[in-house]
Amino acid sequence: MTVAASPRRELFREIKQSASAPDIAAAAALLEIGDRLGVLEEISTGGKFTASRLASIGELPESGVSRYLEALEAAGIIERVDTDGDFFRTVPDYDVIRHQAGYVSWTMNANRPFVEHAREFLIDPESARAAYVRDGRQVAVSSQWMGSLAFYPAAFEAITEARPTRVADLGSGTCRLLIELLDMLPGTTGLGLDLDQGACDAAKDAAAHAGMSDRLTVLQRSIQSLATDPGPLLDADVIHAGFVFHDMLPDEEHIADAVLANCHTALRPGGLMAITEAIPYVRTERERRFSSIVTYYHREFMTRKLLSVAEWEHKLSGAGFRQVETVELGFPTGRLFLARK
């Protein structure tokens with residue numbers, strides 16, 4: 001006689017078989033540890049590495065690095081190049097693992113002050129915002145992990161198709177997008193602009209590691225400053241802005257409009273403006289859960305206004321751009337807006 005499994009047991013069986021939540025959570029923790037140790041950038045290059053090499057880069061004890069690599073190997077994040085050797089490399093699906101881990105890292109850790117102090121934010125928002133601030137570098141790194149497969153590819157494709165000689169990235173973070181673009185386009189130069197010092201320092205290190213310090217300029221300044229001084233953007237063929245314009249909304253919307261207008265002026269004729277942004281509360285099955293936390297974080301804790309697709313298209317047209325196109329991204333709630341001068 002066959003006895004039907006209970007709904008609870010069936011649910012447990014499905015969770016046990018997929019094990020996606022435990023896998024992603026563990027990978028996020030292990031990768032964040034590597035980032036804090038200062039060795040993850042070297043691990044992520046795709047080349048071979050040893051505990052000795054990583055210990056030298058991170059100025060760490062080799063024995064401790066060896067134990068960390070043992071954990072990564074046991075987790076299936078890295079593998080030995082040969083069974084008897086000391087060399088390791090990342091597994092073939094490492095990019096997917098890091099991308100998935102990025103969602104946990106951004107949602108739970110980069111935004112940790114919001115989660116831990118939710119009560120204070122609801123009771124006295126102004127005081128809470130002054131007291132509890134996110135780690136800008138962690139926001140940039142976790143966003144990079146998420147974006148590697150979810151929003152960078154669409155922007156990367158659009159920019160490479162434009163074949164620019166000069167690209168500017170507003171809110172560039174650690175400059176991963178620009179470094180990959182310059183690697184693909186040998187004759188191109190880039191400008192990365194970001195306000196966070198930690199992210200800018202990491203970007204300069206990454207550019208040096210990639211041998212691109214002479215082609216990539218990292219500028220620490222606010223996006224708002226471009227409203228009065230768009231000089232760094234002059235003669236760009238492409239300007240990309242990744243999740244930065246909403247930081248000016250709603251309180252500085254007039255400044256955001258001025259920045260958009262100056263981007264239009266600074267671009268060469270026929271130039272491309274590419275804006276990657278989140279739109280509020282998307283209720284499709286694929287996007288609704290992540291969209292809800294993104295929207296809630298921005299509205300409740302950051303007092304930011306996310307614009308709808310129609311609002312973005314109207315704003316770009318108002319700044320003088322033409323042929324505005326909206327691209328749905330793999331990143332839930334994300335959209336890429338493309339507009340020509």
Side-chain angles (χ1 to χ4, degrees), residues 41 44-46 95 136-137 139-141 143-227 229-245 247 259-260 262-277 321 327 329 336-341:
E41 189 71 29
S44 301
T45 61
D95 287 345
R137 185 183 183 281
V139 173
V141 170
S143 297
Q144 173 187 306
W145 295 355
M146 286 191 297
S148 60
L149 298 181
F151 49 80
Y152 288 148
F156 186 89
E157 181 180 352
I159 294 171
T160 53
E161 284 182 357
R163 308 302 296 179
T165 57
R166 182 163 178 76
V167 181
D169 191 17
L170 312 184
S172 53
T174 59
C175 282
R176 176 187 174 120
L177 176 63
L178 280 173
I179 289 171
E180 291 188 4
L181 283 168
L182 299 190
D183 184 56
M184 178 67 70
L185 304 168
T188 301
T189 61
L191 167 72
L193 186 147
D194 202 287
L195 181 60
D196 185 78
Q197 181 175 345
C200 288
D201 290 343
K204 291 175 182 177
D205 290 342
H209 189 272
M212 295 180 181
S213 296
D214 59 333
R215 297 170 55 205
L216 176 56
T217 301
V218 179
L219 187 60
Q220 184 185 351
R221 57 182 281 186
S222 70
I223 307 301
Q224 290 90 328
S225 67
L226 298 173
D229 177 20
L233 306 180
L234 289 177
D235 295 327
D237 300 292
V238 175
I239 299 175
H240 174 256
F243 299 101
V244 292
F245 272 96
D247 284 336
V259 172
L260 275 177
N262 279 347
C263 286
H264 180 270
T265 300
L267 280 167
R268 291 178 178 174
L272 176 69
M273 185 80 199
I275 296 178
T276 307
E277 266 295 351
F321 290 98
V327 179
L329 303 179
L336 173 64
F337 300 95
L338 300 172
R340 292 282 180 182
K341 178 174 179 177

Engineer: Can you find a pair of side-chain heavy atoms, one from Pro230 and one from Thr265, that are under 4.5 Å apart?
Structural biologist: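 No. Closest side-chain heavy atoms not under 4.5 Å.
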Engineer: Do side-chain atoms of Arg137 reach the backbone of Asp196 as a donor and acceptor pair under 3.5 angstrom?
Structural biologist: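 Between the backbone of Asp196 and the side chain of Arg137 there is no qualifying donor-acceptor contact (under 3.5 Å).
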Engineer: May I ask you to test the Met212-Asp183 pair for a side-chain heavy-atom distance under 4.5 Å?
Structural biologist: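 In short, these two side chains touch, coming nearer than 4.5 Å.
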Engineer: Which pair of heavy atoms, one from Pro232 and one from Leu191, lies closest together, and at what distance?
Structural biologist: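 Taking Pro232 first and Leu191 second, the nearest heavy atoms are O-CD2, 3.4 Å.
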Engineer: For side chain to side chain contact (heavy atoms under 4.5 Å, CB included), just list the numbers for Leu170 and Leu226, CA-CA rounded to whole Å, side-chain angles, deciding distance to a tenth of an Å, and then say yes or no.
Structural biologist: CA-CA 10 Å; Leu170 312 184; Leu226 298 173; 3.8 Å; yes
Engineer: Answer yes or no: is there a side-chain heavy-atom contact under 4.5 Å between Leu336 and Phe151?
Structural biologist: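 Not in contact.
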Engineer: Drop me the distance from Glu277's CD to Phe245's CZ, to the nearest 0.5 angstrom.
Structural biologist: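 Reported value, rounded in 0.5 Å steps: 8.5 Å.
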Engineer: So, does Arg221 use its side chain to make a donor-acceptor pair with the main chain of Leu193 at under 3.5 Å?
Structural biologist: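 It does not hold such a pair.
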Engineer: Is there side-chain contact between Leu233 and Asn262, with heavy atoms separated by less than 4.5 Å?
Structural biologist: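 Heavy-atom side-chain distance check fails, nothing below 4.5 Å.
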Engineer: Under 3.5 Å, side chain of Arg166 to main-chain N/O of Asp237, donor-acceptor pair present?
Structural biologist: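 Side chain of Arg166 to backbone of Asp237: no pair is present.
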Engineer: Could you check whether Ser172 and Asp194, counting side-chain N and O atoms only, form a donor-acceptor pair closer than 3.5 Å?
Structural biologist: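 Short answer, no.
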Engineer: Just by distance, do the side chain of Lys341 and the backbone of His264 share a donor-acceptor pair under 3.5 Å?
Structural biologist: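 Checking the backbone N and O of His264 against the side chain of Lys341, a donor-acceptor pair under 3.5 Å is found.
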Engineer: For Leu182 and Arg215, work out which heavy atoms get closest and say how close.
Structural biologist: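 That closest heavy-atom pairing would be O-NH2, 2.8 Å.
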Engineer: As a quick check of understanding, evaluate side chain to side chain contact (heavy atoms under 4.5 Å, CB included) for His209 and Thr45, giving each step before the final call.
Structural biologist: CA-CA 10 Å; His209 189 272; Thr45 61; 3.7 Å; yes
Engineer: I want to check something: taking the side chain as every heavy atom from C-beta on, are Glu180 and Tyr152 in contact at a cut-off of under 4.5 Å?
Structural biologist: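 They are not in contact (no side-chain heavy atoms under 4.5 Å apart), so the answer is no.
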Engineer: Could you pull out the closest heavy-atom pair between Ala208 and Ser213, with the gap in Å?
Structural biologist: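 Ala208 and Ser213 have their closest heavy atoms at CA-OG, 3.3 Å.
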Engineer: Search all heavy atoms of Cys200 against all heavy atoms of Leu219 and return the closest pair with its distance.
Structural biologist: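 Of all heavy-atom pairs spanning Cys200 and Leu219, the closest is SG-O, 4.3 Å.
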Engineer: Let me see the working for Asp169 and Leu181 under side chain to side chain contact (heavy atoms under 4.5 Å, CB included), right down to the final yes or no.
Structural biologist: CA-CA 11 Å; Asp169 191 17; Leu181 283 168; over 6 Å; no
Engineer: Say you draw a straight line from CZ of Phe156 to NE2 of His240; how long is it, rounded to the nearest 0.5 Å?
Structural biologist: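 Phe156 atom CZ to His240 atom NE2 measures 12.5 Å (nearest 0.5 Å).
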Engineer: Rounded to the nearest 0.5 Å, how far does CG of Asp201 lie from OG1 of Thr174?
Structural biologist: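 Atom-to-atom, Thr174:OG1 and Asp201:CG are 12.0 Å apart.
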Engineer: Could you tell me whether the side chain of Ser222 and the main chain of Leu195 form a donor-acceptor pair under 3.5 Å?
Structural biologist: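 Not a single qualifying donor-acceptor pair exists.
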Engineer: Of all heavy-atom pairs between Arg268 and Thr165, which one has the smallest distance, and what is that distance?
Structural biologist: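 What the structure gives for the nearest pair is NH1-OG1, 3.1 Å.
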Engineer: Take atom CD of Gln224 as the centre, draw a 6.0 Å sphere, and report whether it contains more than 12 heavy atoms from other residues, nucleotides or ligands.
Structural biologist: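 Yes, because the 6.0 Å sphere around CD of Gln224 holds more than 12 heavy atoms from other groups.
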Engineer: Do you know which two heavy atoms are closest between Gly211 and Asp214, and how far apart they sit?
Structural biologist: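 Minimum heavy-atom contact is O-OD1, 3.9 Å.
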Engineer: Would you say Asp247 and Ile223 make side-chain contact, with heavy atoms under 4.5 Å?
Structural biologist: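 Contact flag for Asp247/Ile223 side chains = no.
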Engineer: Within the structure provided, determine whether Phe321 and Leu267 are in side-chain contact (heavy-atom separation under 4.5 Å).
Structural biologist: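 In short, these two side chains touch, coming nearer than 4.5 Å.
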Engineer: Please check this pair: side chain of Ser44 against backbone of Glu41, looking for a donor-acceptor N/O pair closer than 3.5 Å.
Structural biologist: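 Not at all, since once roles are kept as given, no pair shorter than 3.5 Å links the two residues.
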Engineer: At what distance, to the nearest 0.5 angstrom, does CG of Leu178 lie from OG1 of Thr188?
Structural biologist: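 These two atoms lie 10.5 Å from each other.
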